[in-house]
Protein chains: 2
Amino acid sequence: MGRVTIRDVAERAGVSTATVSRALSGARPVSPSVLETVTRAADDLGYSGNGIASALRRSRTDTVGMVVPSIANPFFTALVEGVEHALQQAGRQLFLCSSRSDPDLEAQRLRSLVARQVDGIVISPVHGIRSREALAWATGQLPLVQVDRYVAGVDSDWVGVDDDLALRLVVDHLADSGVTSAAFISSTLTNSSTELRVAGFTEHTARRGIAVRDVLLGEYSIAWGREAMQRLVAAGPLPDAVVCADDLIALGVLQACAAAGVAVPADVLVTGFDDIPYAALSDPPLTTVRQPQDDIAEEAVRLLSAALGPHRAPPARSALAPSLVVRASTGVSASG
Amino acid sequence: MGRVTIRDVAERAGVSTATVSRALSGARPVSPSVLETVTRAADDLGYSGNGIASALRRSRTDTVGMVVPSIANPFFTALVEGVEHALQQAGRQLFLCSSRSDPDLEAQRLRSLVARQVDGIVISPVHGIRSREALAWATGQLPLVQVDRYVAGVDSDWVGVDDDLALRLVVDHLADSGVTSAAFISSTLTNSSTELRVAGFTEHTARRGIAVRDVLLGEYSIAWGREAMQRLVAAGPLPDAVVCADDLIALGVLQACAAAGVAVPADVLVTGFDDIPYAALSDPPLTTVRQPQDDIAEEAVRLLSAALGPHRAPPARSALAPSLVVRASTGVSASG
DNA sequence: CACGCCTTGGCAATCGATTACACGGATGGT
DNA sequence: ACCATCCGTGTAATCGATTGCCAAGGCGTG
């Protein structure tokens with residue numbers, strides 16, 4: 001098994017371990033002949049180095065940790081892909097963890113990442129309050145960037161979407177389509193984006209004179225969207241529109257509508273949030289808010305790289321602008 | 001920053017580092033009073049240990065690496081979640097990498113994981129031939145389990161689905177529905193599952209007397225499914241059924257059908273493979289093959305744990321049985 | 001009372017790579 | 001011809017935790 005060490009290489013090449021290290025890492029120049037000898041010896045032996053030992057000595061791992069509430073949610077997988085891509089170009093690896101929307105598990109993941117000496121952390125925190133302690137602790141240990149959601153009172157960078165603007169786009173679009181009453185389906189989680197979306201919904205519906213019929217809170221899942229819509233259907237006359245805090249919920253809503261014989265958009269308009277790939281494939285295709293995921297990911301990595309540098313900058317918050325993608329769920333029925 | 005070491009704790013508690021290590025890890029008993037003192041000192045200082053140093057000394061990281069072709073594909077995310085869950089119960093962490101369906105990137109990931117001294121690797125290899133070298137090398141370094149797909153000639157465990165049985169289920173269902181001609185849309189990748197699915201399609205259509213009209217190869221994506229279906233539509237009379245090698249392709253096919261005014265299932269039947277969550281939400285809902293992902297994940301972790309133990313067992317191959325989920329894309333139209 | 005076992009804690013080696021420091025030889029300038 | 005550099009290389013300390021070995025003290029037994 002992989003037990004060939006730098007010492008073995010040094011012996012075979014007839015040089016010291018220091019020279020081998022320098023030859024292979026290029027930290028300092030070695031003579032061409034020695035370089036050749038060492039490289040060949042390493043190849044012959046199948047030397048692959050011991051990243052652990054290297055990390056211990058250099059006290060950096062060239063690895064950043066990422067913690068997301070769910071890797072099954074396509075929004076987060078897109079974010080993860082973006083971050084991984086951006087990191088790769090900086091020569092770093094990504095260590096991915098899922099907190100399963102559980103603050104305790106999240107705290108455990110953070111401890112684990114810190115113990116493993118990752119160079120920095122990108123996290124989308126689960127809960128506005130119950131995530132705070134672990135997050136504040138981790139922020140004291142190493143550079144940390146929050147993405148999408150943020151926990152107030154933690155002294156770290158954040159990059160995400162402008163939720164207020166997003167709901168302004170949605171509500172204006174609905175109002176312009178003649179909607180006069182609406183329900184909102186979201187999650188019980190109290191975190192920044194969830195709360196800002198409710199707040200934005202409330203504010204902008206008020207501004208446009210749309211009556212708020214219901215605000216149903218559950219979780220970010222297809223199942224919850226389905227259940228919430230079933231409740232709305234059972235409760236009596238439907239609002240003109242159902243606004244969902246993410247696309248998974250909206251997909252569940254559409255499914256429940258189909259099952260209950262409610263026509264979308266004829267009987268009710270439905271909107272989502274995130275523009276996951278499946279939002280365009282539903283029946284009907286979903287009007288939703290597109291998040292600039294790649295930009296968010298890139299910016300997060302940029303901020304993290306900056307924080308890994310020498311000087312400490314004050315925490316940055318950047319809210320990127322979303323855009324509205326109008327599809328059949330709020331327009332004329334294309335599938336008829 | 002996190003620079004409190006075991007030495008600091010030892011000093012504050014007035015004992016040796018050896019005692020601190022033993023007190024905190026429980027490797028050997030310490031007296032109750034010392035345990036108390038040490039625990040308090042560690043808490044006071046916020047000591048969190050240095051996993052890197054520990055890993056170097058113990059030469060294990062309690063971490064396993066996982067490499068998948070894509071984390072955007074819901075099938076793999078489900079697999080990843082299953083593996084993570086199973087590992088967590090064994091007290092291990094998951095280090096997740098994406099190979100982006102690129103054998104070179106895959107090789108790089110494998111090298112990186114080996115250098116980081118993960119205890120074992122779970123991988124769904126990209127390519128039946130171009131993945132072999134890196135996989136064989138890694139298998140020589142540490143325990144490795146292949147999932148879903150496998151590369152022949154690598155001496156490792158494998159767990160996946162019975163692809164032949166899966167296509168038997170699909171083709172029998174289609175034949176029983178009166179289909180007499182069919183096309184197959186898959187990926188150009190030459191790996192076990194891709195090839196076994198084509199082989200199964202060919203074999204079972206022949207057995208049931210279904211004419212094979214086309215076999216289109218591209219990649220596992222919605223975009224390719226869409227494009228392939230456009231080609232079929234443009235090429236002339238459609239076959240009775242279109243069988244897809246995964247659900248993403250099938251979703252793309254459905255989208256292309258909708259765009260081209262081809263009615264599913266009235267004009268053509270469509271089937272997928274994997275039963276991702278979005279397969280039930282498409283228009284129409286997709287008939288597909290359900291993979292026992294959780295069982296695959298659990299079995300993979302079980303095999304890995306076994307391989308981490310003392311004795312070497314011969315490589316195991318286990319093909320788990322899939323099941324057919326029949327929905328509207330091959331049945332009577334429910335959405336009308 | 002004497003002897004040996006068992007428990008508990010410390011000393012120091014160890015894991016494998018990196019790097020500060022030192023040294024010898026070659027080079028170039030005056 | 002002599003001295004100052006500079007380049008390439010080796011020696012050994014270092015990163016932080018774990019653990020083999022040993023010693024001291026407590027206890028029970030003959």
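Computed from a prediction, not measured in an experiment: that's the story for all the values here. These values consider heavy atoms only, across backbone and side chains, with no hydrogens, waters or symmetry-generated copies. Chain identifiers are assigned alphabetically (A, B, ...) following the order of the sequence lines, protein sequences preceding nucleic acid strands; residue numbering begins at 1 within each chain.
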Remember a base hit wins even if backbone is also touched, and classify S59(A) as base, sugar-phosphate or nothing at under 4.0 Å, heavy atoms.
nothing
Nearest-nucleotide pick for P29(B), side chain only, options being dT8(C), dG10(D), dT18(C)
dT8(C)
The nucleotide from dG10(C), dA17(C), dT8(C) with an atom nearest the side chain of S31(B) is dT8(C)
Heavy atoms only: give me the nearest F95(B)-T63(A) pair and the separation to one decimal.
CZ-CG2, 4.2 Å
Close N or O pairs between protein and nucleotides 20-27 of chain C (under 3.5 Å):
none

Closest to the L56(B) side chain, choosing from dG16(C), dA17(D), dG10(C):
dG16(C)
Quick one: is dG10(C) close enough that its OP1 or OP2 comes under 4.0 Å of any side-chain N or O from T19(B)?
yes
Among the nucleotides dT9(D), dG16(D), dT18(C), whichever has the atom closest to the side chain of T5(B) is dG16(D)
With heavy atoms under 4.0 Å as the rule, sort V15(B) into base, sugar-phosphate or nothing.
sugar-phosphate
Which heavy atom in S98(A) sits nearest to a heavy atom in P69(A), and how many Å separate them?
OG-O, 3.8 Å
When we call it a touch if two heavy atoms are under 4.0 Å apart, what does G51(A) touch: a base, just sugar-phosphate, or nothing?
nothing
Flag for E106(A)-S131(A): side-chain donor and acceptor within less than 3.5 Å
yes
Can you tell me if S54(A) touches the phosphate of dA17(C), counting only side-chain N or O atoms and a distance under 4.0 Å to OP1 or OP2?
no
Can you tell me if Y47(A) touches the phosphate of dG16(C), counting only side-chain N or O atoms and a distance under 4.0 Å to OP1 or OP2?
no
Could you check whether T61(A) and Q117(A), counting side-chain N and O atoms only, form a donor-acceptor pair closer than 3.5 Å?
no
Using a strict 4.0 Å threshold on nitrogen-to-oxygen distance, state whether E36(B) and R40(B) make a salt bridge.
yes
